[in-house]
Amino acid sequence: MNHYLKSVMGVMIGGATAGGWLLVDLLLPDPIGDYLLFILMAVVNMAIGWQVGRLFGKPRNIEKNNARIEGKGLKPNSN
């Protein structure tokens, strides 16, 4: 996927997310709705952060697994 397409998708996701939070804010009753909205936003942001952390953790795990597999097999240039 090229850089331009990723940027456009990011803009669309960001706009949809902001619009969703605005819609929830308008639908909830005023005094208690703000507290519920902030709690909901905190939970969603924690979930997103957890997924981003898992995403960044995967390449390191893949490299470690490749090193283990290569260590068990034949050495390079061995006949």
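None of these values were measured; they are calculated from a predicted model.
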Would you say that Q51 contacts I48 through its side chain, given a criterion of any heavy-atom pair below 4.5 Å between the two side chains? no
Do T17 and I13 come within less than 4.5 Å of each other through their side chains, counting heavy atoms only? yes
Before you tell me yes or no, could you show the steps for W50 and R54 under side-chain contact (heavy atoms from CB on, under 4.5 Å), namely the whole-Å CA-CA distance, both residues' side-chain angles and the distance that decides it to 0.1 Å? CA-CA 6 Å; W50 177 58; R54 283 185 57 206; 3.7 Å; yes
State plainly whether one hydrophobic cluster holds both W21 and Y35, where clusters connect Ile, Leu, Val, Met, Phe, Trp and Tyr through side-chain heavy atoms under 4.5 angstrom apart. no
Reported [atom1]-to-[atom2] distance for the pair [X] and [Y], which is rounded to 0.5 angstrom:
X	Y	atom1	atom2	answer
M41	D34	CE	CG	10.5 Å
L37	L27	CG	CG	10.5 Å
D25	D30	CG	CG	8.0 Å

Over 12 foreign heavy atoms within 6.0 Å of CD1, I32: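 Atom CD1 in I32 is not packed in, count stays at 12 or less.
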